[in-house]
Amino acid sequence: MHTLMAWRNIWRNPRRTLVILTAVVIGVWSMIFLGALMRGLTNQYLEIGISTLTGHIQVHHQDFRSDPVIQNRIDRPGRVAEALEPLLPPGSHWTERIRVNAIANTARHAQGVTLVGIDPEREARVSFIGGAVKEGNYLEPDDPYGILVGKALAEDFETRLDRRVVLMSLGVDGKVASRAFRIRGIFRAETEATEKQYMFVTMAAARDMLGLERGVTEAAVLLPSHELTGKTAEALERRLPTPPLAVQTWRDLLPLVRVTIELYDTFIFLWFLVVFIAMAFGIVNTLLMAVFERVREFGLLKALGMRPRGIVQGVLTESFFLLLLGTAAGNALGVLSVNLLAESGIDLSALAGRLAEVGMRRVGYPQLQAGGFRLANVVVFVLGIVVSLYPAVKAARFTPVEALAHT
Amino acid sequence: METQSIVSLSDVTKTYRQGRVQITALDGVSLEVPQGDFLALAGPSGSGKTTLLNLIGGLDRADSGSIRLNGNDLGAMSESELAGMRLEQVGFVFQSYNLIPVLSAEENVEYVMLLQGVAARERREKARAILDDVGLEGMYDRRPAELSGGQQQRVAVARAVVSGPSIVLADEPTANLDSATGRALMDMMRSMNEAKGVTFVFSTHDRMVMDYAGRLIRIRDGRVAGDERREGEAES
């Protein structure tokens with residue numbers, strides 16, 4: 001009957017109850033929806049970063065990142081393969097690359113680029129390039145002169161398929177090495193910067209050009225999930241001679257992405273806090289109004305022999321119902337709106353047109369995550385009950401005589 | 001044979017402070033209420049009737065003197081013990097705002113038994129039986145707003161007596177009722193007193209209600225100004 005009483009009490013003033021329910025629903029919905037949108041944006045950002053030749057884990061020579069020259073290479077890539085193969089979780093892929101700075105020249109243009117020598121078949125499973133060629137063809141494994149060029153660079157160079165591009169870099173002997181390539185394919189990437197920066201040739205072609213018999217500059221690993229990164233990297237570190245090799249994760253390789261994700265997490269937390277504080281004032285205010293309207297009733301209950309604890313429980317049960325209804329409707333609305341927009345996404349270009357320049361998509365796809373979903377509900381529910389203690393205790397403190405004399 | 005006292009007050013005083021003014025509500029009241037009394041506390045407004053009822057029912061504490069209910073010293077009890085005592089031993093009927101508005105007549109009557117931990121089936125049976133006794137058969141599911149003032153007071157009396165308290169305290173129970181309805185309520189209370197031996201103490205300044213009392217205690221300026229037995233006087 002106590003539960004029944006609480007349920008009926010919240011409907012004594014339906015308009016007030018609906019107003020506070022609306023506040024809770026909007027609060028919970030915004031927590032879930034904006035949390036999912038933020039999470040979607042950061043996940044996309046991370047996916048783009050990882051697929052743009054980063055992967056989850058990379059192995060380099062320890063000096064390569066500070067001085068990315070061919071001299072700082074992994075001389076015996078077989079050791080990396082031996083260490084990697086047994087510990088990679090199912091669903092993982094990995095590949096080797098030669099990555100050096102180079103200058104690309106055509107008849108009329110020259111520009112600094114990053115030359116990437118790849119194993120076309122394995123690379124396609126690890127990075128974006130496998131599905132990125134929009135004109136022409138992807139590289140064949142034994143193509144000695146084929147090159148893939150980004151769309152933006154091709155436009156800058158005013159060049160097209162089958163045209164020649166000459167690349168120059170420092171060879172193994174420290175002398176300038178150059179080689180003429182023919183454009184086999186033009187690729188698109190998420191950002192223009194990527195299209196302008198990278199040029200892809202086969203591993204054999206890169207070795208020929210640089211005068212390298214064996215060796216690579218990096219091994220890149222793509223794991224089936226981000227969560228496996230730390231554990232796999234640690235295991236790999238134990239199996240490899242470090243130094244001279246170094247194992248790095250995307251967290252080291254993509255500091256901007258890492259910081260952005262951390263920043264977004266902070267935004268989400270602050271948003272939760274702001275929404276909750278606004279909601280808490282609403283809940284406390286509503287319950288206080290309800291309590292002060294019923295002072296005589298609490299006096300009556302006490303006169304009948306109800307102990308203060310019973311009154312606290314009664315008010316908290318009313319708060320529980322408000323929160324239950326509000327969070328249930330907020331969750332339903334949140335899940336519905338996330339699902340509706342999960343396919344089409346939200347075009348954010350009007351709000352942040354320059355997102356693409358930092359490697360983010362213009363369209364955000366909200367992603368519901370169990371953690372964020374749980375957090376929103378726990379924050380609203382647990383803290384909602386906690387703030388309701390104030391009006392509940394207030395109700396329990398009226399003495400019967402004072403309360404019954406209340407007009 | 002001497003009847004055992006349910007309530008025993010000895011030299012009880014109670015003062016209130018209103019701003020800078022100290023008001024003496026009760027000034028050295030001593031009183032014995034034997035079991036089965038149908039006692040009226042009569043006196044003008046502000047004479048101390050309600051204060052006296054509140055003290056007997058453990059709703060308030062005396063400044064000095066002692067109040068015993070069934071031999072237990074109320075002054076020595078904690079708030080929680082007083083709540084327990086009210087629950088088990090005292091039934092209350094107030095002048096107005098007597099019922100819980102969101103509960104039906106039957107649920108209102110059941111409520112005290114719920115607090116006492118009585119099983120649901122027993123509660124329901126007892127509540128319906130007592131509502132039948134007070135003439136509210138078939139009105140079990142009505143909410144207070146759907147009952148007249150007299151019917152509401154009947155529900156309140158039913159709730160006050162349903163769990164067999166030692167004493168029922170009624171603060172001007174007919175004050176908001178017309179005289180016919182008031183008379184009917186007093187008839188009902190007196191028949192309960194006579195048939196079931198329930199002890200009633202009620203306050204009033206209505207002569208008609210005083211006429212029902214088996215014992216009339218007049219209160220004036222916080223003191224007992226008269227105490228008369230009126231066996232056989234009350235007539236409906």
Side-chain angles (χ1 to χ4, degrees), chain A residues 1-17 286-287 289-322 325 392-407, chain B residues 14 16 18 25 50-51 53-55 57-61 78-104 106-118 120 123-124 127 143-145 156 159-160 162-163 165 169-171:
Chain A
M1 198 186 294
H2 294 300
T3 314
L4 185 72
M5 250 174 87
W7 175 254
R8 288 179 185 167
N9 274 329
I10 64 169
W11 295 111
R12 282 165 81 165
N13 191 332
R15 188 187 295 179
R16 189 171 59 208
T17 297
T286 301
L287 286 176
M289 275 198 281
V291 161
F292 282 113
E293 272 175 15
R294 285 155 41 204
V295 172
R296 294 198 64 168
E297 204 172 306
F298 292 120
L300 174 66
L301 293 175
K302 278 193 148 181
L304 293 179
M306 184 180 255
R307 289 183 167 83
R309 196 179 57 194
I311 290 176
V312 170
Q313 279 171 355
V315 177
L316 290 185
T317 309
E318 289 173 33
S319 168
F320 171 83
F321 278 131
L322 287 173
L325 291 174
V393 169
K394 198 119 185 140
R397 281 196 176 155
F398 296 128
T399 67
V401 171
E402 281 167 0
L404 287 165
H406 189 86
T407 49
Chain B
K14 177 74 184 174
Y16 292 109
Q18 269 187 348
T50 300
T51 303
L53 285 176
N54 287 343
L55 292 179
L59 294 177
D60 207 351
R61 291 179 184 276
S78 66
E79 288 302 321
S80 179
E81 287 168 336
L82 282 177
M85 182 278 296
R86 289 196 295 268
L87 179 62
E88 301 296 337
Q89 299 181 37
V90 185
F92 286 98
V93 180
F94 299 103
Q95 181 178 332
S96 61
Y97 210 87
N98 243 321
L99 302 178
I100 301 161
V102 293
L103 298 183
S104 67
E106 183 182 326
E107 289 164 344
N108 262 287
V109 176
E110 276 190 43
Y111 195 74
V112 172
M113 292 186 282
L114 174 79
L115 294 179
Q116 288 174 333
V118 176
R123 287 201 311 258
R124 189 183 166 90
R143 298 265 183 101
R159 182 186 60 201
V162 72
S163 54
L169 304 172
D171 188 11

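A note on names: the letters A, B, ... follow the listed sequences, proteins ahead of strands, and every chain is numbered from 1.
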>> Taking A:Leu304's backbone N and O only, do any of them form a donor-acceptor pair with B:Arg86's side chain (distance below 3.5 Å, no angle check)?
In response: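 No; zero donor-acceptor contacts below 3.5 Å.
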Less than 4.5 Å to any heavy atom of chain A: does that hold for the side chain of [X], its backbone, both, or neither?
X	result
B:Ile100	both
B:Ser104	backbone
B:Asn54	side chain
B:Leu115	side chain

Looking at every non-hydrogen atom in both residues, tell me the closest pair between [X] and [Y] and how far apart they are.
X	Y	result
A:Pro400	B:Leu59	CB-CD2, 3.7 Å
B:Leu103	A:Arg8	CA-NH1, 3.7 Å
A:Arg307	B:Gly84	NH2-CA, 3.3 Å

> Hey, are the side chains of A:Leu301 and B:Tyr111 touching, using non-hydrogen atoms and a 4.5 Å cut-off?
Replying inline: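 When only atoms from C-beta onward are counted, B:Tyr111 and A:Leu301 do touch, with a gap below 4.5 Å.
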> Do A:Arg296 and B:Phe94 have side chains that get closer than 4.5 Å, going by heavy atoms?
Replying inline: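 Of all side-chain heavy-atom pairs linking B:Phe94 with A:Arg296, none is under 4.5 Å.
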>> Heavy-atom pairs under 4.5 Å with chain A: which of B:Glu110, B:Arg143, B:Glu88 has the most?
In response: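 Going by pairs under 4.5 Å, I would pick B:Arg143.
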> In terms of heavy-atom pairs under 4.5 Å with chain A, which of B:Leu87, B:Thr50, B:Leu82 leads?
Replying inline: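 Max contact count across the listed options: B:Leu87.
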> Does the salt bridge (Lys or Arg N to Asp or Glu O under 4.0 Å) test come out yes or no for A:Lys302 and B:Glu79, once each step is laid out?
Replying inline: CA-CA 10 Å; A:Lys302 278 193 148 181; B:Glu79 288 302 321; over 6 Å; no
>> Heavy-atom count check: over 12 atoms from other residues, nucleotides or ligands less than 6.0 Å from B:Lys14 NZ?
In response: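 Correct, the count exceeds 12.
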